[in-house]
Amino acid sequence: MRKKKILWAAAFAAWAPFAALFCIGAGFLLPAAASLGGWQGALAVCALCAGALALAAVWLVPARRFAFAAAVRLSRGALPPEARFAAPPRVLLVWSTANGFDPVALALSRRQDHPALRTVILDDGTDAARRRAVQNFAIRHNNVEVFFAEPGGMGLNALLQGRDDYDFCAFAGEDVMLPSDFVRRALDYFAEGDCGGVQARIAAVGDGLSARVSAVASSVSAAERAVREQYGADGLCTLGVLLSRACIEAVGGFPPVGEPLPSFAEEAKGAGFSLRFAPDIACVRAPRSLPALRAEHRRLAASARAYAHICAEAGSRARSGGAERADRFFAWMERAACPLTVLASLCAAALASAAFFVWPAVLLVLLTGLLCFASAAAEAFAAEGQDWPAVLLYALVRFALDFSGPLALPRVPEPRASGVRAGISIAVGVLLLLLAGLVCGNAWPMLCTALGCFLAPAAVSLPVLFPSGAGRKEQ
């Protein structure tokens, strides 16, 4: 699927005038700053240059979010037509137990309205208790096969190698529950000839306001994935995906890494297949704990490093178009938003210390924070505009991460985890700003900025992220 570049062109066109205004304004102020002389002049010049560049870079984040919000509103989201097959395709449901085995989730996921379905439980772990649970499940249920493999990421290849009793392969596991119409609705997306896989969205369910914020985060993620399918770097592949046998065989199997599905998406793209995202198909899972999210992030990061090492040894490199490179650039800038906003605040402190351009600099920092909050709210309203309190709290969480989240990775996996990491980062950021105030001397305007940009969103959003509601389930 050829990606459209108009979204990124619009984002750059909206951002460029403000970036030019920052740089030109700083250029006009440089002579006056240099005329201060001594260390004050040097400090003011450095703070003006660094602050202007930092603010210009940060404003890419709201530009990208407003562009995504417009794209979500303008997209029609037409569903694919119903697929017609001479005979029901044979579907193999592969249930991975690498990170846990939930028999209830598997039992519910097997209740598909597709007639030709067979279940295979892939156990490539070393936990004896888990193996006994898997064997007991296979004994109690019909049409269930158990495949034991060695750890290391080669279990999928060993399972599917030389196998010809399937046309499509669905992957699930852990506590992800597939809806009963997952296979039937996912097959409709294969009407396009180059479609190699269909990825459903994963929605967290639970009780309380935290679960509602999680639902908003899931809706935003689904909307972004739908937009990226047309304009950006799609290809993320995880649990809740249906892959065709033709795609698997054309790629030559799965990369030998711990979490092979994301790396397989890159291989499929290089083989000429596209991965469709189905926002209308929702797989559900319980909200996960912070240790579980950290463990998942470590596994994904380790698999990404292993896959990059394999590609480097083979001398291969994934092909990317202009729209995909622009998408990755904006995603990188969003991750860099927090250190850049901290740099802008420190530059405001430096200007306050030099007694030059104090309040305009502080107002620019506050305006940047307001734009980050407004753009996050606009994107959330475009994706899920019915639950206003949850949407506003989600926007506050994103705002807190933008201004104080260097430790908040992954970005918005689940509000509780993001809140914990943002809380730690807020404390670190405020301490650094207080230290800057002590070192620079006359930095009270910047310290007021710190209270507004760091403590206010934390005071409003973080207490909501620690509910006592039921329904939380460990992975």
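This is a predicted model, so every value here is computed, not measured. Residues: numbered from 1 along the sequence shown. Side chains included, hydrogens not; waters and symmetry mates left out as well; all remaining heavy atoms used.
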What closest approach, in Å, do Tyr394 and Ala376 show between heavy atoms, and which atom pair accounts for it? CE2-O, 4.3 Å
Is Gln199 reaching over with its side chain to a backbone N or O of Gly240, donor-acceptor style, under 3.5 angstrom? yes
Measuring from Asp181:CG to Leu187:CG, what's the distance to the nearest 0.5 Å? 11.0 Å
Working to the nearest 0.5 angstrom, can you tell me the gap between Phe22 CZ and Leu48 CG? 12.5 Å
Which residues share a ring-ring contact (aromatic ring centres under 6.0 Å, His included) with Phe329, sequence neighbours left out: none
Closest approach of Ala13 to Pro17 (non-hydrogen atoms, all atoms of both residues): O-CD, 3.0 Å
Given side chains that start at C-beta, do those of Val227 and Val72 come closer than 4.5 Å, heavy atoms only? yes
Distance under 6.0 Å and angle within 45° of the ring axis: does Arg64 meet both against Phe68? yes
Please round to the nearest 0.5 Å and tell me the distance separating atom SG of Cys169 and atom CG of Leu156. 7.5 Å
Does the side chain of Ser109 come under 3.5 Å of the side chain of Trp95 through a donor N or O and an acceptor N or O? no
Could you tell me whether the side chain of Leu178 reaches within less than 4.5 Å of the side chain of Leu93, counting heavy atoms only? yes
Pro279 and Tyr189: which non-hydrogen atoms are nearest, and at how many Å? CD-OH, 4.4 Å
Kindly determine whether Val198 and Val241 satisfy side-chain contact (heavy atoms from CB on, under 4.5 Å), including the steps that lead there. CA-CA 6 Å; Val198 177; Val241 66; 5.9 Å; no
Rounded to the nearest 0.5 angstrom, the NZ-OG distance for Lys269 and Ser274 is 11.0 Å
Check whether any side-chain N or O of Gln40 sits under 3.5 Å from a backbone N or O of Ala34 as a donor-acceptor pair, and report yes or no. no
Any residue meeting ring-ring contact (aromatic ring centres under 6.0 Å, His included) with Phe190, in chain and number order, not counting sequence neighbours: Phe168
Taking C-beta and beyond as the side chain, do Phe381 and Leu392 meet within less than 4.5 Å on heavy atoms? yes
Strictly under 6.0 Å, is that where the ring centroids of Phe330 and Phe12 end up? yes
Between CG of Leu275 and CG of Leu243, what distance do you get to the nearest 0.5 Å? 7.5 Å
Going by the side-chain contact (heavy atoms from CB on, under 4.5 Å) test, name the single residue among Thr97, Leu160, Val94 that passes it with Leu122. Val94
Rounded to the nearest 0.5 Å, what separation is found between the CG atom of Leu55 and the CG atom of Leu60? 11.5 Å
To check you understand the geometry: which heavy-atom pair defines the closest contact between Leu7 and Ala67, and what is its length? CD1-O, 3.3 Å
Closest heavy-atom pair, Ala44 versus Leu36, reported as atoms and distance to 0.1 Å, is CB-CD1, 4.1 Å
Nearest heavy-atom approach of Phe264 to Cys247 is CZ-SG, 3.9 Å
Within the 4.5 Å heavy-atom criterion, are Pro179 and Ile281 side-chain neighbours or not? yes
Strictly under 6.0 Å, is that where the ring centroids of Phe171 and Phe254 end up? yes
Is it true that a side-chain atom of Arg185 and a backbone atom of Asp280 form a donor plus acceptor pair closer than 3.5 Å? yes
